[in-house]
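Report on the following structure.
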Amino acid sequence: MSNEEKDTKITINEKEEEEYQRSCMRKISRIVVLLLIGLLATCYYIFVVELCIFTVQLLEAKVTFLVIFHLLFLLCVWCYLRTVMMPPVVPPEKFRPSESDKQLYLSDERPQVLQEILIRMAKDLHIKKAVRYCTTCHVIKPDRCHHCPVCNVCILKLDHHCGFLNNCVGFSNYKFFLLAVMYGVLLCIFTSAVSLYCSILFWTHQLPNSPSKVPIIVLFSLTTFFAIMLFQLFLDHFELALRNITDREDSDNTEEFNPYNLGFSKNLREVFGNEKKYWFLPIFSSLGDGFSFPMGEVTMDIEKNAAIAAKPPSESNSQLLEVKTTQKS
């Protein structure tokens, strides 16, 4: 067997192993999603049946607890299902180079030549940062687009792949993800508070011992644990949304500043949209198309200064004065 045939065989085996690992991860994620749905159904039964129907005695308290619980439960489940079922958005067809350009790129190995080929292919795509090419999907990656090794596809504005969702969180479902976590926190806090109240009544013998006592205490323990976990997760991602940066960018960021930071208000509108009446509903209202993004004033100033620095000294000085005059005004 020749060396070339051995290399080809090794490459095929590596691809098969990667595909097997992806398949295993997807199967595990599906099991996790089913377990989460089962856990939600169990908590629903304990709260509605064991706590509200069998334990709480005042009718007004029963109605109040049931109304608040069902409102938060339905919003949480609705947002969660939208996050799970929303397919990730891939780069549009215009980011896919022609077959001749693709073959030209794959036939060369010199970094400088490859970069020149990419720049030529991306000249009409309005990519503001470095031009990148995915050799798996065979597309030119738009700004903020990354390849997910689990889904094996390039995702627009990829935040992260979540095993609890069996899906990627990106441009198409990031709003739903944030809302699902937020309503999950509120649901857990409310359920934990009510189950703690009933547990105290059991411990102080204001309620007679019944078969519902143990499930209610278990419900309190579960919801308290998930309230703490989800609250920390929500704080982390809300802070990222305020800075208009994804979890992937925050982990890989080596730049001194975030070029997409538009200020807190505009950053939130990038995720939730301009219509505030839709902010807390699982309705897609995010701004943009997923492959082109506005940049902050700091970025524009740096680009302007870089352009001035590249010009002759006499022309640069006149434009620099113009820039300073504009900034003062």
Side-chain angles (χ1 to χ4, degrees), residues 75 79 82-83 86 88-89 91-92 125-132 141-146 155-160 162 168-186 230-309 319-329:
L75 284 170
C79 294
R82 289 226 63 182
T83 311
M86 177 66 70
V89 181
L125 298 178
H126 306 290
I127 295 175
K128 298 177 181 177
K129 301 192 77 176
V131 182
R132 299 163 298 145
K141 295 180 183 180
D143 291 330
R144 315 186 82 177
C145 175
H146 296 279
I155 310 295
L156 294 182
K157 198 183 177 183
L158 175 66
D159 188 86
H160 67 285
C162 183
C168 278
V169 177
F171 174 74
S172 61
N173 60 357
Y174 189 65
K175 176 191 173 183
F176 307 143
F177 170 75
L178 276 179
L179 290 179
V181 176
M182 182 188 74
Y183 287 126
V185 171
L186 295 177
L230 290 176
F231 183 67
Q232 184 60 52
L233 180 64
F234 178 74
L235 285 182
D236 291 341
H237 278 277
F238 188 70
E239 187 263 339
L240 293 176
L242 283 176
R243 293 193 288 131
N244 197 3
I245 190 170
T246 64
D247 185 58
R248 176 69 178 266
E249 291 165 347
D250 190 50
S251 302
D252 298 342
N253 191 21
T254 57
E255 299 179 359
E256 294 181 0
F257 67 98
N258 171 24
Y260 304 107
N261 192 348
L262 309 173
F264 290 164
S265 177
K266 290 182 180 178
N267 289 342
L268 284 180
R269 288 204 296 271
E270 284 288 305
V271 177
F272 294 100
N274 289 322
E275 297 288 338
K276 292 186 178 180
K277 60 184 177 182
Y278 298 128
W279 276 24
F280 300 103
L281 295 175
I283 298 171
F284 183 81
S285 58
S286 301
L287 301 181
D289 48 26
F291 54 83
S292 59
F293 303 92
M295 289 189 170
E297 294 180 359
V298 176
T299 306
M300 291 188 288
D301 288 343
I302 290 174
E303 290 177 351
K304 191 181 292 185
N305 292 335
I308 292 171
Q319 290 208 11
L320 189 59
L321 288 172
E322 184 181 345
V323 170
K324 288 182 178 179
T325 306
T326 306
Q327 289 176 346
K328 286 180 181 178
S329 61

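No hydrogens, no waters, no symmetry mates; every other heavy atom, side chains included, goes into these values.
In this structure, Val181 and His237 have side chains that are not in contact, with every pair of non-hydrogen atoms separated by 4.5 Å or more. Under the 4.5 Å side-chain criterion, counting only non-hydrogen atoms from C-beta, Ser292 is not in contact with His126.
Annotation: the span from Phe177 atom CZ to Leu233 atom CG amounts to 4.5 Å, rounded to 0.5 Å. Put simply, CZ on Phe284 and CG on Asn173 are 9.5 Å apart, with the number rounded to the nearest 0.5 Å. Atom CG in Leu178 sits 11.5 Å away from atom OH in Tyr183 (nearest 0.5 Å). The line from CD of Glu249 to CG of Asn244 is 8.0 Å long, rounded to the nearest 0.5 Å. To the nearest 0.5 angstrom, Asp143 atom CG is 12.0 Å from Lys157 atom NZ. One distance of note links CG of Asp159 with CD1 of Ile245; it measures 10.0 Å at 0.5 Å rounding.
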Practice prompt. I would like to know whether Arg269 and Trp279 meet side-chain contact (heavy atoms from CB on, under 4.5 Å); could you show each step before the answer?
Written response: CA-CA 9 Å; Arg269 288 204 296 271; Trp279 276 24; 4.0 Å; yes
Worksheet entry | Chi angles and distances behind the side-chain contact (heavy atoms from CB on, under 4.5 Å) call for Val89, Phe291 | CA-CA 10 Å; Val89 181; Phe291 54 83; over 6 Å; no
Worksheet item: How far apart are the C-alpha atoms of Ser285 and Lys175, what are their side-chain angles, what is the distance that settles it, and do they pass the side-chain hydrogen bond (donor to acceptor under 3.5 Å, both in side chains) test?
Response: CA-CA 8 Å; Ser285 58; Lys175 176 191 173 183; 2.8 Å; yes
Worksheet entry | Candidate pair Val271 and Phe238, rule side-chain contact (heavy atoms from CB on, under 4.5 Å), full reasoning | CA-CA 10 Å; Val271 177; Phe238 188 70; over 6 Å; no
Discussion item. Between His160 and His146, is the side-chain contact (heavy atoms from CB on, under 4.5 Å) condition met? List the steps.
Written reply: CA-CA 10 Å; His160 67 285; His146 296 279; over 6 Å; no
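Summarising the local packing, CZ of Phe234 is surrounded by more than 12 heavy atoms from other residues, nucleotides or ligands at distances under 6.0 Å.
Between Met86 and Ser172, the closest heavy-atom pair is CG-OG, 3.6 Å. The nearest pair of heavy atoms linking Leu262 to Gly296 is CD2-N, 3.6 Å. The two residues Leu230 and Gly184 make their nearest non-hydrogen contact at CD1-C, 3.8 Å. Residues Lys141 and Ile127 share a closest heavy-atom pair of O-CD1, 3.7 Å. Residue Lys128 comes nearest to Pro294 through the heavy atom pair NZ-CA, 4.3 Å, listed as atom of the first residue, atom of the second, then distance. Minimum heavy-atom separation, Gly290 to Leu156: O-CB, 3.5 Å.
Salt bridge status for Arg243 with Glu239: present, with a side-chain N to carboxylate O gap under 4.0 Å.
Using a distance-only test at 3.5 Å, with no hydrogens or angles considered, no donor-acceptor pair links the side chain of Arg248 to the main chain of Leu158. A distance-only check finds no donor-acceptor pair linking the side chain of Asp250 to the backbone of Leu240 [under 3.5 Å]. Side-chain atoms of Asn267 never come within 3.5 Å of backbone atoms of Asn261 as a donor-acceptor pair (strictly under, hydrogens ignored).
Using the six-membered ring where Trp is involved, Phe293 and Tyr260 have ring planes that are perpendicular, over 60° apart on the 30 and 60° scheme.
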